[in-house]
Amino acid sequence: MHRTLRLGYTATVFLIFSSGLAQAAEPIPVPKPLAVPGQKVSGDTVSTPLPKPKHEQLPDEAASVAVEAASCDLSGVDFESIPPVRGEFSGDAGCGIETPVRITGIERESASVALKGSVTISCEFAKTFTQWLQSDVLPAAEKHFNGGIKSIATGPGYQCRRRNNQPDGKLSEHALGKAVDISGFSMLEGASVSVETDWGKDTPQGRFLEDIHKSACARFTTVLSPEGDEFHKSHLHVDIGCHGKTCTYLICQ
Ligand SMILES: [Zn+2]
């Protein structure tokens with residue numbers, strides 16, 4: 001009797017203990033930290049280049065966007081699709097590109113033209129920009145110079161900033177990856193073209209710039225040259241921003 005009671009007590013203690021153990025051994029599942037590099041994408045931003053996407057390592061969201069970015073159809077262009085770019089500044093959450101591409105060069109027939117550094121822009125804008133280079137800018141260079149273009153000096157394309165870096169300005173098209181600045185060209189024959197010093201001159205350089213300015217106005221919604229304003233003395237700005245209610249208003253300066 002005594003022993004039985006003790007056994008019962010022991011059993012009860014054991015049951016309580018083991019039930020405690022059971023609870024301890026079955027904790028609320030702690031979510032494992034997702035050890036995926038892409039998880040940083042939403043928090044980190046990205047003035048610095050992101051690594052090339054590896055689909056199997058990216059979380060669903062980033063992977064789906066990466067697939068979308070990878071579908072950018074650019075022919076004759078040296079480029080890579082990169083993960084979405086996001087940036088914010090002083091309360092503005094509008095910066096970023098959903099389907100960015102990083103372009104390093106343009107091919108045309110047997111010619112290969114480098115973009116000094118590289119240009120990060122949206123896939124949509126890249127189509128217009130590279131078609132303009134291939135169909136208008138390279139032929140214009142061949143017309144005014146013996147041989148084509150060796151390299152093009154550009155800005156970075158994407159920049160999370162306001163127009164003309166003015167503190168109260170609207171968001172720049174650069175902040176959406178829809179704009180590029182071009183400051184000059186190096187020609188295969190050795191000549192160089194500077195927007196700042198050659199603009200408006202009656203020289204091959206000046207006439208070349210006049211030609212590409214004209215063709216740019218037929219393709220982009222905004223073209224700003226040294227004639228435009230004080231902010232564009234040193235470069236040609238082209239973008240596909242929307243002007244007016246129906247986005248049909250064009251700016252060619
Ligand atoms: Zn610009």
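Order of appearance sets the numbers: ligands from 1, and atoms from 1 within every ligand. As a basis for the values below, the full set of heavy atoms in this structure was taken, side chains included, without hydrogen atoms, waters or symmetry mates. Sequential numbering from 1 along the given sequence is applied to the chain's residues.
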Considering residues at least two apart in sequence or located in another chain, which fulfil the side chain to side chain donor-acceptor pair (under 3.5 Å) criterion with Asp181? His174, His237
Does the distance from a Lys or Arg side-chain N to an Asp or Glu carboxylate O, for Lys201 and Glu210, drop under 4.0 Å? no
Answer yes if the side chains of Thr222 and His243 hold a donor-acceptor pair under 3.5 Å, and no otherwise. yes
Got an N, O or S from Glu173 under 2.8 Å of the Zn ion (ligand 1)? no
Residues in side chain to side chain donor-acceptor pair (under 3.5 Å) with Asp78, at least two apart? none
Per residue Asp181, nearest N, O or S atom to the Zn ion (ligand 1) is named OD1
Return the name of the atom in His237, of element N, O or S, nearest to the Zn ion (ligand 1). ND1
Which atom, counting only N, O or S, brings His174 closest to the Zn ion (ligand 1)? NE2
